[in-house]
Asks: 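After the structure tokens below, expect a handful of questions from me.
These numbers come from a predicted model, not from an experiment. What's counted below: heavy atoms across the whole structure, side chains too, no hydrogens, waters or symmetry copies.
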Amino acid sequence: MSEYRFHLQKYKLGNRYACPQCRRKRCFARYIDEEGQIVFPDNVGRCDHEQSCGYHYSPSDYFKDNPDANCNDDWRYKTPIKECRKEKPLPTFIENKLMEQTLHGYSVNPLYRYISMVFDKEETERLFALYKVGTSKKWGGSTIYWQIDVNGNVRTGKIMKYDDKTGHRIKEPHSLVTWVHSELKLPDFTLRQCFFGEHLLTDKTTTKTVAIVESEKTAIIATHFMSDFVWLATGGMNGCFNKDAVEVLSGREVVLVPDLGATDKWKSKLPLLQSICKQVLVSNILEDNATDEQKVNGLDIADFLLMTETPQMALQRLIKQHPPLQHLIDSLGLVLVEES
């Protein structure tokens with residue numbers, strides 16, 4: 001139980017709402033009163049889209065605007081409710097067998113189809129196998145980013161729908177994102193997220209620097225270009241930046257590679273990481289080299305890496321311009337050969 005009287009509702013199916021500012025659905029968490037004495041209006045809460053929206057109307061803001069709503073100042077301090085605090089429950093795990101059953105069906109996986117146009121299918125299959133990326137039938141075919149912890153336990157899986165032509169997430173008319181544990185309707189499920197790619201932190205990779213990005217897709221793409229790093233993803237601007245989750249980085253050399261616009265936010269996480277990591281720094285390479293337009297759009301390192309056309313991208317562009325070329329390639333059994 002939270003030691004703060006007022007706090008955001010913990011996530012469960014059905015308690016995320018439309019943001020009063022950006023109007024996007026299922027991205028707004030409301031504040032609640034732990035003591036059940038005050039019921040806040042529906043606009044008191046925080047939007048998940050911190051960069052693009054940034055809406056956050058806290059209880060403190062509400063009481064300043066409505067001084068008669070609270071008869072005392074107890075809300076300003078931690079409420080002494082230690083007597084009813086419970087031990088933090090252990091995370092619930094999903095059977096590995098279920099995860100393994102999703103590691104195929106890539107013909108309907110839009111992210112797989114997109115990355116296959118950027119790299120070849122052999123490399124795409126290697127990357128998907130490395131990160132254990134799955135396929136869901138939801139929305140006619142979606143991507144599952146399994147969160148597998150350092151001990152090989154499956155914490156959950158994030159299901160996301162992509163456009164197979166652009167590789168961008170489907171956000172209109174609303175973001176198509178859900179969770180495996182929600183879809184399975186598992187009873188009494190305790191979610192404790194871990195880094196995407198955490199299972200790659202093995203004894204064999206202890207000498208490699210860990211690079212952390214926000215997007216799972218970015219971690220996969222960056223691994224192709226810079227395999228000297230172990231690429232992990234937080235799954236969100238604030239995801240996994242908590243004391244429990246970062247313990248797996250103990251003794252590691254870590255570099256944070258935030259999206260454009262998130263650098264200052266991620267720099268605020270340095271004290272948390274410096275207490276356990278061998279070395280940690282925040283990369284400014286994107287901020288130092290991006291244009292104003294790129295900063296507004298919040299590009300990440302994968303966007304920059306893909307600005308240079310790969311041979312596979314060039315071939316796909318030619319096929320799009322001249323569709324019969326694909327038939328010729330298939331008929332003759334031609335294979336793309338890159339110059340060494």
Asks: Under 3.5 Å, is there a donor-acceptor pair between the Asp203 and Thr206 side chains?
Replies: no

Asks: When you compare the side chain of Leu111 with that of Lys217, does any pair of heavy atoms fall below 4.5 Å?
Replies: yes

Asks: Look at the side chain of Thr205 and the backbone N and O of Leu200, then say whether any donor-acceptor pair between them is shorter than 3.5 Å.
Replies: yes

Asks: Can a donor-acceptor pair be found, under 3.5 Å and without considering hydrogens, that links the side chain of Lys158 to the backbone of Ile144?
Replies: no

Asks: Look at the side-chain heavy atoms of Ile, Leu, Val, Met, Phe, Trp and Tyr, link any pair under 4.5 Å apart, and say whether Leu232 and Leu272 land in one connected group.
Replies: yes

Asks: Are the side chain of Thr102 and the backbone of Met99 linked by a donor-acceptor contact shorter than 3.5 Å?
Replies: yes

Asks: Ignoring hydrogens and angles, state whether a donor on the side chain of Thr156 or Gln193 is under 3.5 Å from an acceptor on the partner side chain.
Replies: no

Asks: Using modelled atom types and a 3.5 Å cut-off, is there a donor and acceptor pairing between side-chain atoms of Gln147 and backbone atoms of Gly157?
Replies: no

Asks: Treat each ILVMFWY residue as a node, draw an edge where side-chain heavy atoms are under 4.5 Å apart, and state whether Val108 and Met160 are in one component.
Replies: no

Asks: Restricting to non-hydrogen atoms, name the atom on Ile276 and the atom on Val246 that form the minimum distance, rounded to 0.1 Å.
Replies: CD1-O, 2.8 Å

Asks: Do Thr124 and Leu127 touch side chain to side chain, with heavy atoms closer than 4.5 Å?
Replies: no

Asks: Would you call Lys97 and Glu100 a salt bridge, using N to O less than 4.0 angstrom?
Replies: no

Asks: With distance as the sole test, does Asp149 use its side chain to make a donor-acceptor pair with the main-chain N or O of Asn153 at under 3.5 Å?
Replies: yes

Asks: Shared ILVMFWY cluster between Ile170 and Tyr114, side chains joined below 4.5 angstrom?
Replies: yes

Asks: Does a sphere of radius 6.0 Å around CD in Glu247 hold more than 12 heavy atoms from other residues, nucleotides or ligands, not counting ones at 6.0 Å or beyond?
Replies: yes

Asks: Please lay out, stage by stage, how Arg155 and Ile148 fare under the test side chain to side chain contact (heavy atoms under 4.5 Å, CB included).
Replies: CA-CA 6 Å; Arg155 301 290 185 93; Ile148 307 169; over 6 Å; no

Asks: Let me see the working for Thr135 and Thr143 under side chain to side chain contact (heavy atoms under 4.5 Å, CB included), right down to the final yes or no.
Replies: CA-CA 5 Å; Thr135 300; Thr143 300; over 6 Å; no

Asks: Gly141 and Lys161: which non-hydrogen atoms are nearest, and at how many Å?
Replies: O-NZ, 2.9 Å

Asks: Compare every heavy atom of Ala222 with every heavy atom of Leu305, then report the nearest pair and how far apart it is.
Replies: CD1-CA, 4.0 Å

Asks: Which atom pair, heavy atoms only, marks the closest approach of Pro59 to Phe40?
Replies: CB-CZ, 3.8 Å

Asks: Would Asp33 and Arg5 count as a salt bridge (charged side-chain N to carboxylate O under 4.0 Å, His left out) if you check the C-alpha gap in whole Å, the side-chain angles of each, and the deciding distance to 0.1 Å?
Replies: CA-CA 6 Å; Asp33 179 4; Arg5 176 175 170 181; 2.9 Å; yes

Asks: Is there a side-chain contact between Ile301 and Thr218 in this structure, where contact means two heavy atoms from C-beta onward sitting under 4.5 Å apart?
Replies: yes

Asks: Just wondering, more than 12 heavy atoms not from Ile285 lying within 6.0 Å of its CD1?
Replies: no

Asks: Measuring from atom CZ of Arg26 to atom CG of Asn15, what distance do you get when rounded to the nearest 0.5 angstrom?
Replies: 12.5 Å

Asks: Check whether Val255 and Ile212 end up in the same hydrophobic cluster, where Ile, Leu, Val, Met, Phe, Trp and Tyr are linked by side-chain heavy atoms less than 4.5 Å apart.
Replies: yes

Asks: Quick check: does any side chain N or O of His104 sit under 3.5 Å from a backbone N or O of Gln101, one acting as donor and the other as acceptor?
Replies: yes

Asks: For Phe128, run the ring pair (Phe, Tyr, Trp, His ring centres under 6.0 Å) check against Tyr106, Trp146, Tyr145, Phe119 and tell me which one passes.
Replies: Tyr106

Asks: Distance check, rounded to the nearest 0.5 Å: Tyr162 atom OH versus Trp139 atom CH2?
Replies: 11.5 Å

Asks: Output yes when a side-chain donor or acceptor of Trp231 lies under 3.5 Å from a complementary backbone atom of Glu216, and no otherwise.
Replies: no

Asks: For the ring pair Tyr131 and Phe196, is the centre-to-centre distance below 6.0 Å?
Replies: yes

Asks: Quick check: does any side chain N or O of Thr92 sit under 3.5 Å from a backbone N or O of Thr190, one acting as donor and the other as acceptor?
Replies: yes

Asks: Under a 3.5 Å distance rule, please check whether Lys267 uses its side chain to pair with a backbone N or O of Leu281 as donor and acceptor.
Replies: no

Asks: Carefully, step by step, assess Ser175 and Arg169 under the rule side chain to side chain contact (heavy atoms under 4.5 Å, CB included).
Replies: CA-CA 8 Å; Ser175 293; Arg169 284 173 47 198; 3.4 Å; yes

Asks: Looking at Arg30 and Asp42, is any side-chain nitrogen of the basic one under 4.0 Å from a carboxylate oxygen of the acidic one?
Replies: yes

Asks: How close do Gly261 and Glu287 get, counting heavy atoms only, and between which atoms?
Replies: N-OE2, 3.0 Å

Asks: To the closest 0.5 Å, what do you measure between CG (Leu299) and CG (Leu306)?
Replies: 11.0 Å

Asks: Looking only at heavy atoms, what is the nearest atom pair of Glu214 and Asp259, with distance?
Replies: OE1-OD2, 3.4 Å

Asks: State whether the side chain of Ser116 and the backbone N or O of Tyr112 hold a donor-acceptor pair below 3.5 Å, judged by distance alone.
Replies: yes

Asks: Kindly indicate whether the side chain of Leu260, heavy atoms from C-beta on, has any atom under 4.5 Å from the side chain of Phe304.
Replies: yes

Asks: Would you say Tyr57 and Arg46 make side-chain contact, with heavy atoms under 4.5 Å?
Replies: no

